[in-house]
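Step one of this worksheet: look at the structure below.
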Amino acid sequence: MTTTKQPAGPEGENTTCAAQQDGPAKRTGAEEEETPQERVNRRWNEILQETRVTQTGVQILFGFLLSVAFTPLFRELETLDRAIYVTTVVLGAASTGTLIAPVSIHRFLSGQRMKDEVVETAGRLMMCGMVLLALTIGCTLLLILRFVVPGVFAELLAAAVMLWFGLCWYALPLYLRRRGERHSRATST
């Protein structure tokens, strides 16, 4: 069941939006009220844009990773480097599949009146895909740095980049979300 189509309340009253009265929803302030259908459509369009950006990056990275195995230096890799490479390729394949999955889900479920479920599932797949992409990038960086930088410095640099990803991709958005929620609670009282 989708949340975009909700039954009318008592005496034919429409209950889909608290700000909605007998006519269209009142649109005031910096953040306009949106109907559930408008919200799910906006969220779907946002996911499509995010998917376009991440798919391009992960596909380029994955293509690069696949080509590495056919270079002359690949035969000279030590056991640990080969293990890092295999892990990186598997993570790249998993992130590619995860980030493309919303397209397949949309295609299979198009016209089934399940847009809410599709948007929710696609959003979760995008988050999972971003984690896999960050791990793929981190492992790729580690593999490359182990050739260029001597000693443990390669691992430290790769760890620092992964920490930066964690801060930019996860900690900052979560911090902004919590700050927004606190601001919303403060203004609603």
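These values consider heavy atoms only, across backbone and side chains, with no hydrogens, waters or symmetry-generated copies.
Proximity of a side-chain donor or acceptor of E38 to a complementary backbone N or O of T35 within less than 3.5 Å is detected.
Taking a 6.0 Å sphere around CD of E181, one finds it holds more than 12 heavy atoms contributed by other residues, nucleotides or ligands. Atom CZ of R42 is surrounded by more than 12 heavy atoms from other residues, nucleotides or ligands within 6.0 Å.
Residues V58 and G92 share a closest heavy-atom pair of CG2-O, 4.2 Å. When all heavy atoms of G123 and I47 are compared, the pair lying nearest together is N-CD1, 3.7 Å. Pairing each heavy atom of S95 with each of L133, the nearest pair is CB-N, 3.7 Å. Here the closest non-hydrogen pair linking D81 and L143 is O-CD1, 3.5 Å. When all heavy atoms of V118 and W44 are compared, the closest pair comes out as CG1-CZ3, 3.6 Å. The shortest heavy-atom contact between Q55 and L99 is NE2-O, 3.2 Å.
Contact annotation: the side chain of P102 never approaches that of T121 to less than 4.5 Å [non-hydrogen atoms, C-beta and beyond]. Looking at E34 and N41, their side chains never come closer than 4.5 Å, going by heavy atoms from C-beta outward. The closest side-chain heavy-atom distance from V119 to D116 is not below 4.5 Å. With a 4.5 Å cut-off on side-chain heavy atoms, F62 and T136 do not count as touching. Annotation: side chain of L167 is not in contact with side chain of L172 (no heavy-atom distance under 4.5 Å). For the pair T140/F64, a side-chain contact is recorded, criterion being any heavy-atom separation below 4.5 Å from C-beta on. The closest side-chain heavy-atom distance from E120 to R43 is below 4.5 Å. At a threshold of 4.5 Å between non-hydrogen side-chain atoms, the residues L157 and L141 do not count as touching.
Hydrophobic clustering of Ile, Leu, Val, Met, Phe, Trp and Tyr side chains at less than 4.5 Å, counting indirect connections, unites L91 with I144. Grouping the Ile, Leu, Val, Met, Phe, Trp and Tyr side chains by contacts below 4.5 angstrom, directly or via other members, places L80 with F147. V131 and L174 end up in different hydrophobic clusters when Ile, Leu, Val, Met, Phe, Trp and Tyr side chains are linked at under 4.5 Å. By the criterion of side-chain heavy atoms lying less than 4.5 angstrom apart, applied directly or through intervening Ile, Leu, Val, Met, Phe, Trp or Tyr residues, L132 is not grouped with V103; the two fall into different hydrophobic clusters. With hydrophobic clusters built from ILVMFWY side chains whose heavy atoms lie under 4.5 angstrom apart, L73 does not share a cluster with L145.
For the atom pair NE2 of H183 and CG of L176, the computed distance is 13.0 Å after rounding to the nearest 0.5 Å. The structure places CZ of R146 at 9.5 Å from CG of L77, a figure rounded to the nearest 0.5 Å. Note that the CZ atom of R179 and the CZ atom of R182 stand 8.5 Å from one another [nearest 0.5 Å]. Residue I137 holds its CD1 atom at 13.5 Å from CG of L142, rounded to the nearest 0.5 Å. The OG1 atom of T98 sits 13.0 Å away from the CE atom of M127 when rounded to the nearest 0.5 Å. Rounded to the nearest 0.5 angstrom, T71 OG1 and E76 CD are separated by 9.0 Å.
A cation-pi arrangement is present between R82 and F74, with the terminal nitrogen or guanidinium carbon under 6.0 Å from the aromatic centre and inside a 45° cone about the axis.
Considering only residues two or more places apart in sequence or on other chains, S110 meets the side-chain contact (heavy atoms from CB on, under 4.5 Å) condition with H106, R107.
Other members of the cluster containing I100 do not exist, because no ILVMFWY side chain is joined to it at under 4.5 Å.
F165 has its ring centre no less than 6.0 Å from the ring centre of Y170.
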task = Begin with the C-alpha distance, continue with both residues' side-chain angles, and end with the deciding distance and a verdict on side-chain contact (heavy atoms from CB on, under 4.5 Å) for T87 and L135.
result = CA-CA 10 Å; T87 301; L135 292 171; over 6 Å; no
